[in-house]
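Okay, so here's the structure we're looking at.
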Amino acid sequence: MTEENNNAPSDFIREIIDDDLREDRNQGRVATRFPPEPNGYIHIGHAKSICLNFGIAAQYKGTCNLRFDDTDPSGESLEFVESIINDIHWLGFDWEDRLFFASDYFEKLYQLACELIKAGKAYVCDLTADEIREYRGSFTEPGKESPNRNRSVDENLDLFERMRAGEFEDGTHVLRARIDMTSPNIVMRDPVIYRIKRAPHYRTGDTWVIYPMYDFAHCLSDALESITHSICTLEFENNRPLYDWIMNQLISGSRPQQIEFARLNLSYTVISKRMLIELVEKGLVNGWDDPRMPTVSGLRRRGYTPEAIRNFCAEIGVAKNDNLIDVALLEHCVRDDLNEKAPRVMGVLRPIRVVIDNYPEDGVEEFEFANHPQNPEMGTRKVPFSRVLYIERDDFQEDPPGKYKRLAPGREVRLRNAYVIRYERMVKDEETGEITELHCTYDPETRNASSPDGRKVKGVIHWVSAEHSIPAEVRLYDRLFQVADPASESGDFTEYLNPESLETLGPCYVEPSLKNAEPGSRYQFERLGYFSVDSGDSQPEKPVFNRIVALRDTWGKRAATGK
RNA sequence: UGGGGCGUCGUCAAGCGGUAAGACACAGGACUUUGGUUCCUGCAUUCGGAGGUUCGAAUCCUCCCGCCCCAGCCA
């Protein structure tokens with residue numbers, strides 16, 4: 001205990017593993033697995049599990065397999081397999097040659113099921129789905145035994161074989177584990193372990209018409225892969241006795257142990273696969289990788305970094321409490337990462353023209369700006385300045401509130417990294433009253449330095465040269481839902497969607513260095529936030545930017561609360 | 001209702017009988033050519049509640065309360 005690594009995350013699961021290692025269980029091996037079903041894209045909740053499973057394997061010098069739990073052909077597809085593989089790699093994890101599919105175990109699982117039958121521990125049941133439900137009893141009443149429960153081994157073997165051979169219609173027979181119809185745990189009341197389902201499987205095609213159920217396939221897949229710690233979420237806690245029961249019947253030697261942790265919930269979004277599928281299928285978002293989605297592909301397209309997501313997963317911890325993590329923590333994690341990595345640039349989202357009256361008509365000069373104020377190694381770039389500029393509409397107010405530090409009648413501001421300018425007059429549209437143009441004068445003495453006379457200029461605003469800037473589309477994203485926990489709200493969760501979760505702005509004007517910005521690259525637009533070049537819609541010379549997250553805004557917050 | 005699980009700051013979460021870590025959020029302040037970053041400071045006399053054991057309890061015991069999961073031939 002003298003060499004405790006304080007940086008290694010610790011949680012109750014790692015404590016269990018520490019114990020196991022101390023007691024020399026599993027020959028000192030640690031083997032985990034991440035077992036997604038390929039029936040959807042993975043989301044931030046999966047990321048928590050991925051970080052846990054792969055993180056533990058790395059920490060204990062063990063292994064983590066990727067195994068697709070593809071035992072229900074309906075809804076599963078290669079598209080999902082590919083997206084999941086891509087997403088996990090992007091998150092920064094690798095399983096080398098340990099890519100597995102439960103569907104590859106179908107034959108073995110079938111043989112294991114036969115063994116269970118031979119041991120008198122499983123039987124073919126002819127009851128209908130409705131009847132099985134009735135026979136199962138309820139929370140308060142014990143179940144009744146199926147009339148087929150005491151069939152002979154030979155008959156069961158024969159029937160099961162004929163199920164496999166396709167002699168029976170879907171739903172007419174199932175294979176059940178023979179456990180205890182009076183168990184207080186409903187999972188143990190002779191659970192179905194095989195059903196007939198004539199659906200083409202994306203990998204095995206039509207070679208099978210019977211498929212194993214999760215409870216049967218999952219634990220045995222773990223055993224076949226010599227998994228030591230089978231980590232899953234809390235809702236499987238009730239299934240653990242069944243997991244252990246099957247292990248006891250069919251597996252000798254060391255067996256995997258199931259450990260459950262609380263799944264992630266994130267505020268102002270939904271995480272359940274069912275709901276995400278609904279959002280996609282109803283067209284309420286623009287696909288699985290819509291930047292508003294909590295999917296890994298959505299976060300990636302938004303501009304999140306894998307590091308930020310991993311840090312987030314480390315930060316939230318692992319426990320058994322139901323939780324609703326504040327999305328502000330996720331946002332903090334990207335800001336924290338991007339603050340170091342993202343080059344600074346200038347872009348004006350809601351432009352207003354500014355004419356510098358005393359600047360030469362055709363004058364142009366180039367300023368050399370640092371790409372990062374705290375990190376000179378990130379280099380510099382050139383940014384042109386000229387007589388006509390754009391600044392942010394927000395950065396001028398005719399009648400500014402107290403403590404306003406930007407441009408206003410009678411005031412001066414510093415144009416970031418350039419000159420101090422002074423307000424002279426404004427031009428308004430006669431009909432609408434809207435300000436269309438500002439006229440200012442600049443002080444040449446203030447070029448890229450403190451004012452020589454020591455005068456203090458309150459505000460610094462960003463700008464872009466009108467003539468040299470590049471028009472761009474900018475997409476501003478806000479939380480997908482208006483309520484913190486839409487899944488727990490009454491009624492249809494889609495009623496709580498935030499109608500303003502996407503705001504498209506344009507034309508916005510960005511500095512010329514962004515003309516051919518790489519899709520996927522990330523920048524800080526100074527004073528605004530972090531933005532990424534959209535990997536789907538951005539074109540050379542016609543960039544599209546996604547706002548990943550706004551900068552912390554203590555002024556905006558103050559203004560919003562009326563202080 | 002039977003069974004399983006969980007209740008520590010607004011949100012997460014340490015704590016494992018020796019006198020409440022940390023993070024986010026929030027509130028002040030310093031610094032600042034990003035109202036960003038950074039840096040200080042504050043933020044649970046109290047651990048769902050009530051009893052009990054103990055010199056000592058968030059940690060042990062008892063009872064109570066609340067929340068979550070299970071009655072798919074989904075996972």
Side-chain angles (χ1 to χ4, degrees), chain A residues 10-11 15 35-37 39 69 71-72 74-75 125 127-129 132-134 136-143 170-176 183-189 191-197 210-211 213-215 217-218 232-241 260 262 264 267 273-274 312 314-333 335-336 339-340 344 346 372-374 403-406 413-418 420 446 448-451 457-462 484 524-529 550-559:
Chain A
S10 191
D11 51 64
E15 281 176 13
E37 185 190 9
N39 67 347
D69 225 334
T71 57
D72 177 7
S74 48
C125 179
L127 260 23
T128 64
I132 286 180
R133 190 183 323 114
E134 283 167 30
R136 190 150 36 217
S138 69
F139 291 149
T140 45
E141 303 154 316
D170 287 16
T172 56
H173 302 271
V174 291
L175 184 70
R176 292 228 250 168
S183 172
N185 180 356
I186 291 178
V187 171
M188 299 298 272
R189 318 242 260 232
V192 172
I193 55 177
Y194 262 91
R195 74 287 213 188
I196 304 172
K197 199 165 201 165
I210 59 171
Y211 293 96
M213 298 283 290
Y214 166 85
D215 284 308
H218 193 91
C232 65
T233 45
L234 244 29
E235 64 271 26
F236 291 102
E237 214 148 21
N238 296 315
N239 301 50
R240 191 171 64 221
E260 312 85 8
L264 165 70
S267 65
K273 205 182 266 184
R274 190 210 103 216
F312 171 74
E315 208 59 51
I316 59 180
V318 178
K320 299 188 75 161
N321 305 327
D322 284 332
N323 59 75
L324 182 63
I325 308 286
D326 193 339
V327 69
L329 180 59
L330 215 210
E331 294 173 344
H332 165 262
C333 290
R335 285 196 195 100
D336 194 45
N339 176 47
E340 283 184 29
R344 315 283 122 131
M346 292 197 291
H372 191 115
Q374 277 83 33
K403 293 181 180 162
Y404 187 76
K405 300 203 304 194
R406 288 109 95 148
V413 280
R414 164 141 243 137
L415 294 177
R416 164 125 253 235
N417 284 123
V420 172
T446 59
N448 221 352
S450 306
S451 331
V457 181
K458 277 185 200 155
V460 180
I461 65 175
H462 56 98
Q524 185 198 97
F525 285 12
E526 291 205 59
R527 302 209 308 135
L528 297 175
L551 251 28
R552 270 185 73 219
D553 182 9
T554 51
W555 165 252
K557 207 169 284 171
R558 184 175 304 202

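Throughout, protein chains are lettered first and strands after them, A, B, ... in sequence-line order, and every chain is numbered starting at 1.
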*Does any nucleotide pair with B:C9 by Watson-Crick or G-U wobble geometry, both distances under 3.5 Å, and what is it?*
none
*Find the distance between CZ (A:Arg189) and CZ (A:Arg136) and round it off to the nearest 0.5 Å.*
9.0 Å
*Reckon A:Tyr404 touches a base, only the sugar-phosphate, or nothing at all at heavy-atom distances under 4.0 Å?*
base
*Just name whichever nucleotide pairs with B:A57, Watson-Crick or G-U, keeping both distances under 3.5 Å, else none.*
none
_Distance below 4.0 Å between A:Arg552 side-chain N/O and B:U37 OP1 or OP2_ = yes
*According to a strict under-4.0 Å criterion, is A:Arg195 in side-chain N/O contact with OP1 or OP2 of B:A75?*
yes
*asked:* Please report the distance separating the P of B:C40 from the corresponding atom of B:C31, rounded so that it comes out in whole Å.
replied: 15 Å
*Tell me what A:Pro373 touches on the nucleic acid: a base, only sugar-phosphate, or nothing, going by heavy atoms under 4.0 Å.*
base
_Phosphate OP1/OP2 of B:G7 contacted by A:Lys320 side-chain N/O (<4.0 Å)_ = no
_Base B:G7 to side chain A:Asn321, donor-acceptor N/O within 3.5 Å cut-off_ = no
*Base, sugar-phosphate, or nothing for A:Arg136, non-hydrogen atoms under 4.0 angstrom?*
sugar-phosphate
_Can you say whether a donor on the side chain of A:Gln374 sits under 3.5 Å from an acceptor on the base of B:U38, or the other way round?_
no
*Using a 4.0 Å heavy-atom cut-off across all strands, classify A:Arg344 as base, sugar-phosphate, or nothing.*
base
*Could you tell me the separation between the CE atom of A:Met188 and the CG atom of A:Asn238, rounded to the nearest 0.5 Å?*
11.5 Å
*Heavy atoms under 4.0 Å, any strand shown: does A:Asn417 hit a base, just sugar-phosphate, or nothing?*
base
*Does A:Thr554 make a side-chain N or O approach to OP1 or OP2 of B:G36 shorter than 4.0 Å?*
yes
*What closest approach, in Å, do A:Arg406 and A:Val413 show between heavy atoms, and which atom pair accounts for it?*
C-CG1, 3.3 Å
*Span that lies between the P atom of B:C9 and that of B:G15, in whole angstrom*: 16 Å
*asked:* Minimum heavy-atom separation for A:Ile132 and A:Arg176, please, with both atom names.
replied: CG1-NH2, 4.1 Å
*Taking only N and O in the side chain of A:Arg189, is any of them less than 4.0 Å away from OP1 or OP2 of B:A71?*
no
*Would you call A:Phe139 stacked on B:C70, i.e. ring centres under 5.5 Å apart with the planes less than 30° off parallel?*
yes
*Base, sugar-phosphate, or nothing: which does A:Asp170 touch, judged by heavy atoms less than 4.0 Å apart?*
nothing
*Check whether more than 12 heavy atoms from other residues, nucleotides or ligands sit under 6.0 Å from atom CD of A:Glu340, and answer yes or no.*
no
*Minimum heavy-atom distance between A:Asp69 and A:Pro35, given as atom pair plus value*: CB-O, 3.8 Å
*From OG (A:Ser267) to CG (A:Asp326), nearest 0.5 Å*: 4.5 Å
_For a quick check of understanding: with a heavy-atom distance under 4.0 Å over all strands, which category does A:Ala319 fall into, base, sugar-phosphate or nothing?_
sugar-phosphate
*When you check the phosphate oxygens OP1 and OP2 of B:U34, does a side-chain N or O of A:His462 lie under 4.0 Å from one of them?*
no
*If we take the C1' atom in both B:A44 and B:A21, what is their distance in whole Å?*
13 Å
*asked:* Is there a side-chain contact between A:Lys197 and the phosphate of B:C74, meaning an N or O under 4.0 Å from OP1 or OP2?
replied: yes
*NA contact type, A:Glu260, heavy-atom cut-off 4.0 Å: base, sugar-phosphate, or nothing?*
nothing
*asked:* Taking pairing as Watson-Crick or G-U wobble with both contacts under 3.5 Å, can you name the mate of B:U19, or confirm there isn't one?
replied: none
*Can you tell me how far CZ of A:Arg416 sits from CZ of A:Arg527, rounded to the nearest 0.5 angstrom?*
9.5 Å
*So what does A:Glu15 hit on the nucleic acid, given a heavy-atom distance under 4.0 Å: a base, only sugar-phosphate, or nothing?*
base
*So which nucleotide from B:G3, B:U34, B:C68 ends up closest to the side chain of A:Asn185?*
B:G3
*Are A:Ser10 and B:A14 close enough that a side-chain N or O sits under 4.0 Å from OP1 or OP2?*
no
*Report which part of the nucleic acid A:Val192 touches: base, sugar-phosphate, or nothing (heavy-atom distance under 4.0 Å, all strands).*
sugar-phosphate
*Please confirm whether any donor atom in the side chain of A:Asn238 sits under 3.5 Å from an acceptor in the base of B:C69, or the reverse.*
yes
*asked:* Syn or anti for B:G7? Use the chi torsion, O4'-C1'-N9-C4 for purines and O4'-C1'-N1-C2 for pyrimidines, with syn inside 90° of 0.
replied: anti
*May I ask you to say what A:Tyr211 touches in the nucleic acid, namely base, sugar-phosphate or nothing, with a heavy-atom cut-off under 4.0 Å?*
nothing
_Using a heavy-atom cut-off of 4.0 Å across all strands, would you classify A:Ile132 as base, sugar-phosphate, or nothing?_
base
*Indicate, with a heavy-atom threshold strictly under 4.0 Å, whether A:Met346 touches base, sugar-phosphate, or nothing.*
nothing
_What's A:Val318 touching, base or sugar-phosphate or nothing? Going by heavy atoms closer than 4.0 Å._
sugar-phosphate
*Does A:Arg527 get its side chain close enough to the base of B:U34, under 3.5 Å, for a donor-acceptor pair?*
no
*Under the 3.5 Å rule, do the base of B:G35 and the side chain of A:Arg406 count as making a donor-acceptor pair?*
yes
